Structure formats: structure tokens, C-alpha cells
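Everything below concerns the one structure shown next.
Note that the coordinates shown come from a computational prediction; the quantities given were computed from them, not determined experimentally.
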Amino acid sequence: MKTIIIPIILFIAAIVFVVWSGITVENSLKGLIKEVRNLPTIPDKNTLFSIDELEKHWNKHKELYSAVIKFDFVYNFSKEISAAKAGVDAD
């Protein structure tokens, strides 16, 4: 009986984890997309603060994103955030 119950429990736990992580990633990415869309096209005095908040959100969930997204995209997004901050500072 143990040979059937333990694999079933592990299988159910794996399914729950996959579903939970998928929902978490989806909600987090929706928030990230909303923050990116709210950035102004022309930098103003609050743009740097908005980019910092975006970067905090990104860094908080970076490991989760790297588990479901190709590493190149994760690295490129981090690079783009740095470039955006440098552009706002230069302006």
C-alpha cells in the first residue's frame, strides 16, 4: 500500500506546486506589465521613482521569472532597466 500512496502524494504535491507557481508568475507579470505601461514616454520628476519601484518588483521575483522564462530575457530586461535609469538620470 505504501508503494502506491507515496507516489500519489508526491504527484499531487508536484501538480499543486506547478499550478501555484504558474498562478504566482502570472499575477506577478501582470503587475509588472501594468507598472511598465504606466511609465511616461517623456521622463518627468517621478519617472526615476517609478523605475526604481519597477526594479524592486523585478528583483523580488527574478528567480521565479528565470524558472519559467529563458535566461536571456531575464538578463536583457535587467539590462534595459539599467539603461532606462541611466537615460532618466542623463535627462
Just how far is it from atom [atom1] of [X] to atom [atom2] of [Y], taken to the nearest 0.5 Å?
{"X": "Leu10", "Y": "Ile5", "atom1": "CG", "atom2": "CD1", "value": "12.0 Å"}
{"X": "Phe73", "Y": "Glu80", "atom1": "CZ", "atom2": "CD", "value": "12.5 Å"}
{"X": "Lys70", "Y": "Asn76", "atom1": "NZ", "atom2": "CG", "value": "10.0 Å"}

Margin query: Side chains of Phe11 and Ile15, heavy atoms from C-beta outward: is any pair under 4.5 Å?
Written below: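 Yes, at least one pair of side-chain atoms sits under 4.5 Å.
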
Check: Is the shortest heavy-atom distance from the side chain of Ile12 to the side chain of Phe17 under 4.5 Å?
Finding: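 They are not in side-chain contact.
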
Next item on the list: Walk me through it: do Asp52 and Lys85 pass the test side-chain contact (heavy atoms from CB on, under 4.5 Å)?
Entry: CA-CA 8 Å; Asp52 285 337; Lys85 285 175 67 175; 3.3 Å; yes

Item checked: Worked verdict on Phe49 versus Val88 for side-chain contact (heavy atoms from CB on, under 4.5 Å) -> CA-CA 10 Å; Phe49 175 74; Val88 170; over 6 Å; no

Item checked: Face-on cation placement of Lys62 at Tyr65 ring, 6.0 Å and 45° thresholds ->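 No cation-pi geometry.
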
Using every non-hydrogen atom in the two residues, find where [X] and [Y] come nearest and quote the distance to one decimal.
{"X": "Thr47", "Y": "Pro43", "result": "OG1-CA, 3.4 Å"}
{"X": "Pro40", "Y": "Asp44", "result": "CG-OD1, 4.0 Å"}
{"X": "Glu35", "Y": "Leu54", "result": "OE1-CA, 3.2 Å"}

Notebook entry, point to check: So His57 and His61, side-chain contact (heavy atoms from CB on, under 4.5 Å) or not? Walk me through it.
Noted result: CA-CA 7 Å; His57 181 104; His61 300 284; 3.9 Å; yes

Next item on the list: Mark yes or no for whether Ser28, through its side chain, and Thr24, through its backbone, hold a donor-acceptor pair below 3.5 Å.
Entry: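 Flag not set: sc Ser28 to bb Thr24 has no pair under 3.5 Å.
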
